[in-house]
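Notes to accompany the following structure.
In what follows, chains carry the letters A, B, and so on, assigned in the order in which the sequence lines appear, proteins first and then strands, with residues in each chain numbered from 1. Remember, predicted model here, so these are calculated numbers, not experimental data.
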Amino acid sequence: MQSVLASASLATQGFADVQTLHGFVPLSLYFLTVAESGERKSTCDGIAAKAVRDFEEPLVRAHQKDLKAWRQDEAENRKSRKKRKLADWDSVVENDSASEDEMPEEPVSPSILMSDVTLQGVLSLFERGNPSIGLFSDEGGQFFGGYSMKAENKTHAATSLSKLWDGQGFSRVRSGSDPLTLYGRRASSHFMLQPVIAQNILSDRMFKSQGLWSRFLFAWPESRIGQRILESGRALDERAMSALSCFNTRIHQLLETPCPTHADDPLQLVPRPLPLSQGAHDILLAFYNQVELAQQDGQAFAQIRGFASKAAEQAARIAGVLTVFENTNAREVSAGTMSNATVLMDWYLLEAARLLDTGPVSQELRDAQALLEWLQTRWSEANISVRAVANRGPNRFRTPDRARVLIDVLERHNWLARLPGGAQVMGQHANEAWEISLS
DNA sequence: ATATAAAACTGTTGCGAGCC
DNA sequence: GGCTCGCAACAGTTTTATAT
């Protein structure tokens, strides 16, 4: 779901800026999905991003060849210039700048997807590369946590991402050279995080205060681990397959179509404005008002004002993506599309409320998972009792109540099997005991 | 980047309450 | 008394946060 929208956003962001209640904004969408490793998130993302990858791969290979040729050309040019310099010293001054211009431009890097994302990487790609890219990463932690994201680095990254989302210029500050601002760049992103990392990152003061999170659309699906039994006929049914292949071809089409760019600088996108139809505008306005009301103290979204106040804009972006995805040359956003977008946005609002507000309800589930892991790795006996957990388990579970609740959860999910009549635990007989499933 | 202080975690032990 | 169980305490270790 997230992956699909992310890919669509990536493919469409170069074409248009959509109208919102306050002017025009890019179609870029930022997604953040939280899933336990082993949740098949990479597989899932792989399917939706496959179209993009397929498209990208041959281009990248061709580009590498081009680049090689270009480097050779350049070397030769230098040589010839040198020769000329020696031959005619006087005319060098005039000629030099001219010959500079004649030099073939370095080929534009066609890379679209960045998975090993660092801010530096994004910058350099933007500097001489595709102006519309996607930051898709399985391990978003690498970006947010890795690369010694400390203090200034962090601030810089956060503000850069925020500005990029807003469609403002992307500036790079590099020691030893003048600050450089790149305009007309677009990026969509989809990061996936593991719950543990997500907790830290989501509560990070820095990112919070920068308003970075209010620009992301979150999803934290309930864990399916323990419920994903493979059925024999598990292959995606035909309808899903055909939908997927439609999606893929459309993504291909969009990527192949050149985006409108600035006359002087082919790397600078000039997305055309995509206005809202009257109906769409009305719907968006209604949505905005509704969300605004819900931000009052005590209402549902009071705790996530930052996110909620961007909801209308996000909805407009989604609607824009859907519109362009449907028809590259669409004139305006239809009312129907907008109402679909607001439905999606409603969902994201709820999700954000769940995640950013008070911790998710599934805290219990994750605790249970933690306990299970502890049991499997650090507990030497085959059986377990409430008392054993309360007495020797991880510190935070060392109360019988807590231990009991978690054990119940695990039993419900068949990770523990109750042993009738009890069993030996910790050298003692326990009336209530469970056997630990190893798989 | 490193050192230091603070907090969290672990593996034990022991005691008393309630029950048969 | 013999058996479970809840609870508290403790010392040693590991992890985390913070300042330099």
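- Contacts of A/D54 classified as salt bridge (charged side-chain N to carboxylate O under 4.0 Å, His left out), with partners at least two apart in sequence or in another chain: A/K50.
- Applying the side chain to side chain donor-acceptor pair (under 3.5 Å) rule to pairs touching residues 383-392 of chain A yields A/R387-A/Q428, sequence neighbours excluded.
- Partners of A/E57 under the salt bridge (charged side-chain N to carboxylate O under 4.0 Å, His left out) rule, at least two apart in sequence or in another chain, are A/R61.
- Listed pair A/H429 / C/dC3 fails the phosphate criterion, with no side-chain N or O lying under 4.0 Å from OP1 or OP2.
- Every residue was checked against the side-chain hydrogen bond (donor to acceptor under 3.5 Å, both in side chains) condition with A/S189, not counting sequence neighbours, and none meets it.
- The stretch residues 406-416 of chain A participates, sequence neighbours left out, in these salt bridge (Lys or Arg N to Asp or Glu O under 4.0 Å) pairs: A/E411-A/R418.
- Qualifying side-chain hydrogen bond (donor to acceptor under 3.5 Å, both in side chains) partners for A/D166, counting only residues two or more places apart in sequence or in other chains: A/R215.
- Contacts of A/T33 classified as side-chain hydrogen bond (donor to acceptor under 3.5 Å, both in side chains), with partners at least two apart in sequence or in another chain: A/H190.
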Check the pair A/L254, A/F15 against side-chain contact (heavy atoms from CB on, under 4.5 Å), reporting the backbone distance first and the verdict last.
-> CA-CA 9 Å; A/L254 283 166; A/F15 292 102; 3.9 Å; yes
Distances for protein N or O near nucleotides 18-20 of chain B N or O, under 3.5 Å:
none

Check nucleotides 6-9 of chain C for protein N or O atoms closer than 3.5 Å to its own N or O atoms and list the pairs.
| residue | atom | partner | partner atom | Å |
| --- | --- | --- | --- | --- |
| C/dG6 | N7 | A/R387 | NE | 3.2 |
| C/dG6 | N7 | A/R387 | NH2 | 3.4 |
| C/dG6 | O6 | A/R387 | NH2 | 2.8 |
| C/dC7 | N4 | A/N391 | ND2 | 2.9 |

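- Between the CZ atom of A/R392 and the C1' atom of B/dT10 there is a distance of 10 Å, rounded to whole Å.
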